[in-house]
Visitor: 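Take this structure first; my questions come after.
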Protein chains: 2
Amino acid sequence: MKSAAKAMQAEDSAETSAQLIRDSIREAIVERRLSPGTKLSEKDVGNLFSVSRTLARAALQALSYEGLVSVEKNRGAFVAYPSPDEARQIFAARRLVEPGILREAAARITPGDISQLKQLLLEEGRLMSERGQTARRAEIKASGDFHLRLAEISGNAIMQRFMEELVARSSLVIALYGQSTASSCGHSEHGEIITAIENNELDRACQLMLHHITHIETDLDLRERKSLGLKEAFEL
Amino acid sequence: MKSAAKAMQAEDSAETSAQLIRDSIREAIVERRLSPGTKLSEKDVGNLFSVSRTLARAALQALSYEGLVSVEKNRGAFVAYPSPDEARQIFAARRLVEPGILREAAARITPGDISQLKQLLLEEGRLMSERGQTARRAEIKASGDFHLRLAEISGNAIMQRFMEELVARSSLVIALYGQSTASSCGHSEHGEIITAIENNELDRACQLMLHHITHIETDLDLRERKSLGLKEAFEL
DNA sequence: ATGCAGATGATCGTATACAATTTGCTGGCG
DNA sequence: CGCCAGCAAATTGTATACGATCATCTGCAT
């Protein structure tokens with residue numbers, strides 16, 4: 001397999017410090033430890049990770065390219081506060097790409113992949129029944145990982161990166177507009193998709209995926225929340 | 001229309017210097033004034049734009065997130081040199097998303113959009129018949145703009161940005177592996193797609209789009225070129 | 001002559017310093 | 001009493017400086 005190449009490349013690039021900080025902050029955002037709109041000052045970030053503003057700034061810039069933080073000139077960086085319209089676009093994008101990814105993945109999937117996905121599902125179910133914030137966070141992550149794993153199986157690194165961005169931003173949207181305190185993702189729907197793939201019912205799997213994404217979106221209340229600044233109030 | 005909101009936001013963000021540099025370099029890459037593999041040292045870039053290494057570095061970082069330059073730790077930044085496999089993934093991604101974008105665009109397209117697209121086509125045709133490097137460059141840009149304009153019409157900013165990345169990287173791939181010295185994009189195919197949209201033959205338009213993308217890819221010779229370092233020779 | 005070791009130069013990685021801009025406060029004026 | 005001008009503090013924008021890493025070249029030993 002390609003583990004050799006990957007290891008080589010990893011050893012080579014060696015995750016520069018700024019990337020580590022970026023990953024930490026991203027994880028915090030996706031797991032909802034950081035709320036949308038929170039200010040991320042360069043100094044604070046730098047102090048928090050014991051680096052200079054230079055690296056903090058680089059990390060924040062990187063996150064802004066992923067749409068997870070928005071940097072405003074001369075004002076600073078903030079955890080992104082996606083507008084309802086942005087939220088709709090995110091889910092529209094997922095509806096657009098995920099069936100295609102699913103098809104590619106189904107064409108390349110191995111029995112090993114399937115059992116791995118099932119195990120992921122089990123883990124997800126276990127977390128759902130647990131109580132507590134940490135379990136909730138882990139559940140959020142796990143439910144996203146299902147979609148990410150599918151993208152990985154598809155073998156297209158570009159689509160995989162794009163999906164990572166979409167899933168991360170989806171988590172932000174759900175944090176903002178989600179109502180059902182319960183699971184963000186219909187857990188059972190993931191299972192149905194897997195069995196559809198197993199049975200080679202590709203069209204049905206795609207249908208299920210579409211419904212699944214729409215289902216997540218339906219559980220949102222896409223009304224303008226808070227007033228993240230008068231600016232936005234007049235933009236729309 | 002939304003020009004007011006856009007102007008407001010533009011006035012607000014005001015394109016920081018690093019972004020201007022990034023845009024300049026990206027344009028140079030897409031128009032093939034910069035060849036894949038060319039070294040972009042921070043000092044040189046800084047001198048060229050009369051800024052410090054700080055800003056040059058930021059611009060190069062940004063371009064690396066778009067996949068147009070690759071930065072190697074402690075070695076520097078280079079214009080990306082996509083591998084054949086990467087090239088295939090880029091076109092696979094386009095086949096995956098462009099039909100969907102086309103559908104969205106067709107649902108929202110206005111007569112004004114259509115005439116604008118046709119005008120773009122005319123311009124493209126005019127450039128095709130011209131000689132000279134500058135005409136060739138303009139043609140490359142115009143043929144990409146067709147796809148970009150479609151994404152813009154679709155009204156999904158996220159997909160639009162993704163398409164911008166894909167089109168830019170496609171240009172790099174064609175620069176590397178393209179054989180037909182002639183047009184990168186079958187010009188006539190763009191026209192057929194538009195007429196299909198006009199006639200509400202949506203399925204046919206998508207089919208044409210898929211063939212079009214595949215046609216571009218077919219005109220490539222996806223064999224390893226040059227030897228961008230023995231490193232890569234052993235990675236695969 | 002060939003091959004390895006150490007020095008040298010260039011380039012990147014990171015921190016710090018200074019300039020520019022914004023924000024919030026304070027004080028005077030209508 | 002409210003409002004605007006102007007100052008002060010904080011934050012970002014950019015440049016420069018220093019340390020670390022890598023590439024190249026020289027010179028000695030084999």
Side-chain angles (χ1 to χ4, degrees), chain A residues 8-25 34 37-65 68-81 227-233, chain B residues 8-25 34 37-65 68-81 227-235:
Chain A
M8 211 165 166
Q9 190 182 358
E11 175 192 357
D12 206 291
S13 53
E15 288 294 323
T16 175
S17 328
Q19 289 175 320
L20 288 178
I21 297 170
R22 161 175 65 85
D23 293 342
S24 278
I25 298 178
L34 283 170
T38 303
K39 166 138 196 181
L40 302 173
S41 106
E42 295 176 355
K43 188 158 78 72
D44 290 349
V45 172
N47 288 345
L48 189 56
F49 292 94
S50 305
V51 295
S52 75
R53 271 183 54 219
T54 306
L55 292 183
R57 187 185 181 82
L60 292 172
Q61 280 291 123
L63 289 167
S64 93
Y65 295 127
L68 291 182
V69 319
S70 74
V71 305
E72 302 179 28
K73 189 174 158 72
N74 278 317
R75 289 195 19 93
F78 305 84
V79 178
Y81 198 103
S227 64
L228 173 71
L230 35 159
K231 192 190 332 179
E232 244 130 2
Chain B
M8 211 164 164
Q9 191 183 359
E11 176 192 356
D12 206 291
S13 53
E15 289 292 325
T16 177
S17 330
Q19 289 175 321
L20 288 179
I21 298 171
R22 162 175 65 85
D23 293 342
S24 278
I25 299 178
L34 284 170
T38 303
K39 166 141 195 177
L40 302 173
S41 106
E42 295 176 355
K43 188 156 78 71
D44 291 348
V45 172
N47 288 345
L48 188 56
F49 292 93
S50 305
V51 295
S52 73
R53 270 183 55 218
T54 306
L55 293 183
R57 186 185 180 84
L60 292 171
Q61 281 290 123
L63 288 167
S64 93
Y65 294 128
L68 290 182
V69 319
S70 73
V71 304
E72 301 179 28
K73 191 173 157 70
N74 279 317
R75 288 195 21 92
F78 305 83
V79 178
Y81 198 104
S227 62
L228 174 72
L230 35 160
K231 192 190 331 178
E232 245 130 3
F234 290 93
E235 267 182 15

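Throughout, protein chains are lettered first and strands after them, A, B, ... in sequence-line order, and every chain is numbered starting at 1. Scope of the values below: all heavy atoms of this structure, side chains included, with no hydrogens, waters or symmetry mates. From a predicted model like this one, the values you see are computed outputs, not experimental measurements.
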Visitor: Could you say whether A:Val51 or A:Asn74 is positioned toward the 5' end of DNA chain C, judged by the nucleotide with the nearest heavy atom to each?
Guide: A:Val51
Visitor: Give me the residues of residues 52-62 of chain B where at least one heavy atom lies under 4.0 Å from an atom of DNA chain C, by number, or none.
Guide: B:Arg53, B:Arg57
Visitor: If you compare all heavy atoms of B:Leu60 against all heavy atoms of B:Val69, which two are closest, and at what distance to 0.1 Å?
Guide: O-CG2, 3.5 Å
Visitor: When you compare the side chain of A:Leu40 with that of A:Leu34, does any pair of heavy atoms fall below 4.5 Å?
Guide: yes
Visitor: Taking all heavy atoms of A:Ala58 and all of A:Ala18, pick out the closest pair and write down the distance.
Guide: CB-CB, 4.0 Å
Visitor: On DNA chain C, which is the earliest and which the latest nucleotide, 5' to 3', with an atom closer than 4.0 Å to a heavy atom of chain A?
Guide: C:dT14 to C:dT23
Visitor: Within the side chain of A:Thr16, is there an N or O that forms a donor-acceptor pair under 3.5 Å with the backbone of A:Gln19?
Guide: no
Visitor: Grab the CG-C1' distance between A:Asn47 and D:dT11 for me, whole Å please.
Guide: 13 Å
Visitor: What are the two closest heavy atoms between A:Arg75 and A:Lys39, and how far apart are they?
Guide: O-NZ, 2.9 Å
Visitor: Take the protein atom CZ of B:Phe49 and the nucleotide atom P of D:dA15, then report the distance between them rounded to whole Å.
Guide: 13 Å
Visitor: Looking at CZ of A:Arg22 and OG of A:Ser64, how far apart are the two atoms once the value is rounded to the nearest 0.5 Å?
Guide: 11.5 Å
Visitor: What pair of heavy atoms forms the shortest contact from A:Tyr65 to B:Ala62, and how long is it?
Guide: OH-CB, 3.0 Å
Visitor: A side-chain contact here means heavy atoms from C-beta on lying under 4.5 Å apart; do A:Phe49 and A:Leu20 qualify?
Guide: no
Visitor: So, is B:Arg75 close to the D:dT21 phosphate, meaning a side-chain N or O under 4.0 Å from OP1 or OP2?
Guide: no
Visitor: Quick one: A:Lys73 NZ to D:dT12 P, roughly how many Å, whole number?
Guide: 13 Å
